[in-house]
Amino acid sequence: MPEKKTMVISSTEQLLDAKTRRSFLKLMGAGGAVFFLPSVLTSCSDEDDDPMGPAFGQPSGSGPAVVIDFSRGDTAIIQYAYALEQLEADFYTRVMAAFSASNFSPAERTILTDVKFHEVIHREAFKAILGPSNDFTLNTTYGNLNFGDRTSVLATARTFEDLGVAAYNGAAQYLSAVANLELAGKIVSVEARHAAAIRDLIAPKSSSQGDAGTSFAPKAFDDAFRPGKVVPLAQPFIVEVLTPRNAPATFVQGPNNNG
Amino acid sequence: MTTQNTTLLESIDPEIVDALVTRQDEIAQGAATNTKLAAALALGSIPVALAALSTDVYGQSANDVLDVLQFALLLEYLEAEFYNRGVANATVMGIPPADLPIFTTIQAHENTHVTALQGMITQKGATPRTKPNFDFTAKGNVAGFNFGAGQYATFQVLAQAFEDTGVRAYKGQAGRLINDKPVLTAALTIHSVEARHASEIRRLRGLKAWITGRSRDDLPAFTQAIYDGENNASQAGILLFPLGNNNGGGEAVTEAFDEPLTKDQVTAIITPFLA
């Protein structure tokens, strides 16, 4: 276990000199999209070795701002996706960690384990793709969620997966590189496969349609949400304040006209 | 380079691939790297992602958009008719009442997609293509299939084939829509619904909801083209096998990304179903 460090930040030079093994602030001063405000006190976590994280479980919005600056174009969209994948990966990692005390069937555990694998791979892939622009780590909070309770976990999983699908579908229009659009497409359909599987665990073979529908596919068209709609829905699970900056003024609605 | 790597390495044990990747990255950087993941990360950058652009030639004109819409309409005609006939023959085929809601749900969606695509084409001043006649035996590849007695299992096989194809088909056309945001967004919201359908059908059939490697699982051999290329583990120019370490291995890496098919590839897949 790494010791939990607190870095007092007073200058960008200090950030660049930080000796922490995974100092995630080092590029803050280089015009990066991610700023921690106020930039004087934060914790440096290692999500791999310290899964609880120093800020895990603190109240939503009690941490510093994490800014996604959409003026950075495709990089910002990938950061946005990276943020969402961090949440999903963290969630399923905790679901798996609680298996010993949870009431999931073996078949359900297999599904949730696969989903955890996929989400961690998505997170790490974006981390790699972003390179120097990956320098932010979101800490999570789940209120009173009982990770041992099947019903509660599946309901939260459904929220994450449906939101992920809507977020990707709504953000694609802001991508300018075909390669990035294609990459987002490769991931969103896997999120949709997850969403349908989770929904089918909750309500098997349901045909219930609409916003409150329980079906694996509750609408003929999935939702497409603008970042300004997604962020408030994700924020309750985030300790930091996820802050879109320079978000595009225009948004082209999808067929459901609800984004 | 990446394409060659994938082709050469895809059938090799992921642990061996890891070693190769690490070595390869060291060479590429001319410097030692700490870990396999660090090696992958070091190569990862937006320029690498953008470089992938150079391998693709995309037209993005208004004519391309119409071409995509007409192509999508053909796929949706195929799916809609398949489920229309399946639901109409549910009792004959022996679809259990508990399963029927799955197919009525998908049926409704596919017919809605047909109507929506026709509307988008009309809105652009063009005429939607007419529905062709279909041959659901795929020229005898699915010998004797006619939505008949005892053919529910075969019906499910075809449903999986069509849904997994649909996901890859829409994905492959997204790039051609990049300059038409309303059509792009509409297409993507159909694309992910097709993925939901695929997930449900696959799980109904006792399979994973996601595609592992390039496996067609228990589908007949003539469907292999639907799954070829799904074993790609290189994204944005980065070979991602190391991300499967202690995390589901190479199989999970391939499951985590659905892959596109080109229009030509999809056409080859569905042509046997055109009467």
Side-chain angles (χ1 to χ4, degrees), chain A residues 74-75 78 111 113-114 116-122 124-125 127-133 165 168-170 172-173 175-183 185-197 199-200 205-207 209 215-217 219-224 252-256, chain B residues 37 40-41 43-46 48-50 52-53 56 58 98-99 101-102 104-106 108-109 112-113 116 167 171 174-175 178 181-182 184-186 188-200 203-204 208-210 235-236 238 240 243-244 247-248 252-253 255-260:
Chain A
D74 284 17
T75 298
I78 298 172
I111 291 170
T113 299
D114 276 358
K116 179 265 185 185
F117 291 155
H118 303 163
E119 304 297 8
V120 168
I121 289 164
H122 292 165
E124 294 302 313
K127 187 175 183 179
I129 290 164
L130 283 166
S133 297
V165 171
Y168 278 100
N169 282 343
Q173 62 186 270
L175 290 168
S176 55
V178 168
N180 290 331
L181 177 60
E182 192 167 89
L183 177 63
K186 292 180 180 199
I187 293 175
V188 66
S189 58
V190 174
E191 302 292 352
R193 290 176 190 266
H194 294 167
R199 284 173 156 271
D200 193 71
K205 303 179 184 181
S206 169
S207 60
Q209 297 288 289
S215 169
F216 59 94
K219 300 176 184 180
F221 305 94
D222 267 323
D223 292 330
V252 175
Q253 293 285 356
N256 295 340
Chain B
L37 182 58
L41 294 179
L43 278 184
S45 66
I46 297 303
V48 171
L50 295 177
L53 266 175
D56 298 315
Y58 288 91
D99 291 359
I102 295 172
T104 56
T105 298
I106 299 176
H109 291 174
T112 299
H113 296 166
V167 174
K171 199 187 317 294
I178 196 166
K181 304 307 185 186
L184 172 67
T185 303
L188 289 175
T189 63
I190 295 174
H191 166 246
S192 56
V193 169
E194 300 293 345
R196 290 177 185 261
H197 296 169
S199 172
E200 183 73 5
R203 290 188 55 253
L204 176 67
K208 287 186 175 189
W210 22 90
Q235 305 296 345
I238 307 169
L240 297 182
L243 302 186
N247 193 57
V253 173
E255 290 170 358
F257 299 86
D258 282 336
E259 297 296 323

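Each chain gets a letter, A, B and so on, in the order the sequences are listed, and its residues count up from 1. This one's a predicted model, so the numbers in the text were calculated from it and none came from an experiment.
- Under the 30°/60° scheme for interplanar angles, the aromatic rings of A/Phe221 and B/His113 are found to be tilted.
- When all heavy atoms are compared, the tightest approach of B/Ser199 to A/Ala197 is OG-N, 3.6 Å.
- In this structure, A/Gly185 and B/Lys171 approach most closely via the heavy-atom pair O-NZ, 3.0 Å.
- Looking at heavy atoms from C-beta onward, B/Arg203 lies in side-chain contact with A/Ile111 at the 4.5 angstrom threshold.
- Side-chain contact between A/Leu181 and B/Leu184 is present, with at least one heavy-atom pair separated by less than 4.5 Å.
- Heavy atoms of B/Val167 lying under 4.5 Å from chain A belong exclusively to its side chain.
- When every heavy atom of B/Ile178 is checked against every heavy atom of A/Leu175, the shortest pair comes out as CD1-O, 3.7 Å.
- The heavy-atom pair separating A/Val165 from B/Ser192 by the smallest distance is CG1-OG, 3.6 Å.
- With a 4.5 Å cut-off on non-hydrogen atoms, B/His191 touches chain A through its side chain but not through its backbone.
- When all heavy atoms are compared, the tightest approach of B/Val193 to A/Lys219 is CG2-O, 3.6 Å.
- In this structure, A/Arg193 contributes its side chain and B/Ala209 its backbone to a donor-acceptor pair below 3.5 Å.
- Using a 4.0 Å cut-off between a side-chain N of Lys or Arg and a carboxylate O of Asp or Glu, A/Lys186 and B/Glu259 qualify as a salt bridge.
- A donor-acceptor distance shorter than 3.5 angstrom exists from the side chain of B/Arg196 to the backbone of A/Phe216, with no hydrogens or angles considered.
- Residues A/His118 and B/Phe257 have side chains not in contact (no heavy-atom distance under 4.5 Å, counting atoms from C-beta outward).
- In this structure, B/Thr105 and A/Ser206 approach most closely via the heavy-atom pair OG1-O, 4.4 Å.
- Using a 4.5 Å cut-off on side-chain heavy atoms (C-beta onward), B/Leu240 and A/Glu124 make no contact.
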(request) Check the pair B/Gln235, A/His122 against side chain to side chain donor-acceptor pair (under 3.5 Å), reporting the backbone distance first and the verdict last. (result) CA-CA 10 Å; B/Gln235 305 296 345; A/His122 292 165; over 6 Å; no
